[in-house]
Amino acid sequence: MAIATINPATGVTEQTFEAHDDAEIERRIVDAVAAQRSLRTTTFAQRADWMRRAADLLEADLDAASRMITVEMGKPIAQSEAEVRKCAKGMRFYADHAEEFLSDHPLDDPSTVGASRAWSRYEPLGVVLAVMPWNYPLWQVVRFIAPALMAGNTGLLKHASNVPQAALYLESLYERAGFPVGAFHSLLIGSGSVRAVLEDPRIKAVTLTGSEPAGRSVASIAGGQIKKAVLELGGSDPFVVMPSADLDAAIATAVTTRVTNNGQSCICGKRFIIHTDVYDEFAKRYSEAMAALVVGDPLDRATQIGPLATASGRDDLAELVDDAIARGATALTGGSVPEGAGWYYPPTVLTDLTDDMRLVMEEAFGPVATLYRVADREEAIRVANQTTFGLSSAVYTQDAEDEDWFVTNLDAGAVFINGMSVSYPELPFGGIKASGYGRELAAEGIREFCNLKTVWKS
Ligand code: NAP
């Protein structure tokens with residue numbers, strides 16, 4: 001895939017970039033190793049100063065950075081602005097908390113292990129490779145690199161080939177903030193070059209956010225090298241609505257969760273599992289609300305849904321919907337590719353899903369909602385847990401017993417009750433099953449790329 005900015009709203013190539021050759025990749029690895037040696041001897045306070053400065057610089061760039069995101073991948077401009085602000089918040093969160101998260105853990109009673117003292121400490125692993133997706137082109141990277149740098153690791157980023165400007169912007173941001181040159185470098189390389197970089201002995205670990213096939217490939221390379229890996233992969237999150245739910249709130253949130261980021265978030269609610277007592281009202285009002293959304297130019301503030309980020313992404317989504325309709329699904333709204341320039345797809349609501357349709361098991365990465373009518377909570381759980389994914393989930397209910405039951409029985413990395421799944425710097429984030437392993441964010445995220453060193457003293 002060419003490394004280029006292609007505006008998804010127009011299909012016009014705005015800028016192309018030369019891929020780094022072997023010599024440039026080598027130079028960047030050498031820089032990353034040298035920067036890590038120097039960074040690991042700096043104090044938390046010094047790194048926190050640089051991190052806060054990066055947050056300040058990013059906020060000062062709000063307009064230009066937001067426009068860059070929207071032109072590269074098509075999300076509505078207000079959502080790009082929210083992403084920029086969230087990155088600054090995430091950076092400050094780790095500037096404030098890294099030292100506490102990585103402080104030594106003394107054993108309360110060392111005599112039980114025959115020691116005068118025993119404790120564990122967290123140490124950085126070294127240079128970490130990050131393979132990242134385009135859907136949150138700044139946030140996905142920041143949630144890796146902010147904790148990595150605060151822990152004393154350095155990062156090499158292989159960003160998605162369609163967001164090279166975001167990759168280069170972040171590299172310059174951390175340099176401007178004061179981090180040593182090489183603390184965070186971008187590699188402008190295609191996915192075919194990831195293996196050679198990851199097999200390099202100077203790279204100590206890898207984190208990948210992206211699709212299941214990319215995750216399988218990178219995990220197998222990391223496994224072969226016995227290197228730590230964190231995988232944040234796809235999701236087909238269930239959104240359950242029970243009879244006791246506040247239906248107005250459930251419908252409004254069900255719209256927002258399905259179309260945020262033009263429907264291209266791993267934790268979008270994608271499958272709506274509705275109790276039969278409220279199904280008919282939900283389906284009618286939900287499809288009307290989806291149909292009323294404004295689709296258009298993502299730089300126009302009136303727009304609620306912009307284009308999909310890539311032509312292939314739109315083709316994949318259209319294929320999934322076409323397959324379902326050909327096998328008997330009903331489109332309450334949307335369901336076909338519109339005429340005209342740009343990679344648009346309309347908000348779509350499908351019912352009458354059957355198990356032979358690909359959409360039932362596969363992830364719809366765009367504004368396509370599937371509705372399932374269920375008789376009781378047991379059936380809701382069966383449908384919710386039937387995919388191979390297990391990223392996040394949401395439940396609308398006012399019944400305390402139902403609430404507890406769903407929290408216990410949903411196979412997912414997170415459950416949101418009476419709200420939609422969102423990533424917060426303060427909360428651990430990650431999935432189970434084919435959605436990956438490991439955690440980002442919170443204390444767990446910064447500890448993933450540390451050596452937990454046990455010390456025993458006689
Ligand atoms: P993708 O095709 O897997 O690409 C993600 C990154 O992996 C890109 O940098 C891509 O490079 C690279 N890549 C692709 N195939 C690779 C391979 N075989 N070996 C090494 N690197 C490879 O995913 P996407 O379509 O851009 O993103 C959408 C997917 O990401 C969805 O499934 C979504 O659910 C998931 N996602 C998950 C999370 C999470 O936190 N769990 C967050 C966001 C997105 P190129 O661009 O050069 O191909």
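Whatever order the structure lists them in is the order used to number ligands and atoms, beginning at 1.
- For a heavy-atom separation below 4.0 Å, the residues in contact with ligand 1 are V131, M132, P133, W134, N135, Q140, R143, K158, H159, A160, S161, S191, V194, T209, G210, S211, A214, S217, V218, E232, L233, G234, G235, C266, E363, F365, L391, F429.
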Identify each donor-acceptor pair in which a side-chain atom of residues 214-226 lies under 3.5 Å from a protein atom, sequence neighbours left out, and give them as a table.
unit_1	atom_1	unit_2	atom_2	d
R216	NH2	E212	OE2	2.5
S220	OG	R216	O	3.4
S220	OG	S217	O	2.8

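- Under a 4.0 Å N-O distance rule, the pair D31/R27 qualifies as a salt bridge.
- In the displayed structure, D22 atom CG is contacted under 6.0 Å by at most 12 heavy atoms of other residues, nucleotides or ligands.
- Under the salt bridge (Lys or Arg N to Asp or Glu O under 4.0 Å) criterion, the residue pairs touching residues 149-176 are R28-E171, D61-R176, with sequence neighbours excluded.
- Applying the ring-ring contact (aromatic ring centres under 6.0 Å, His included) rule to F179 yields the partners W50, Y174; only residues at least two apart in sequence or on another chain are considered.
- Y372 places none of its side-chain heavy atoms less than 4.5 Å from the side chain of E379.
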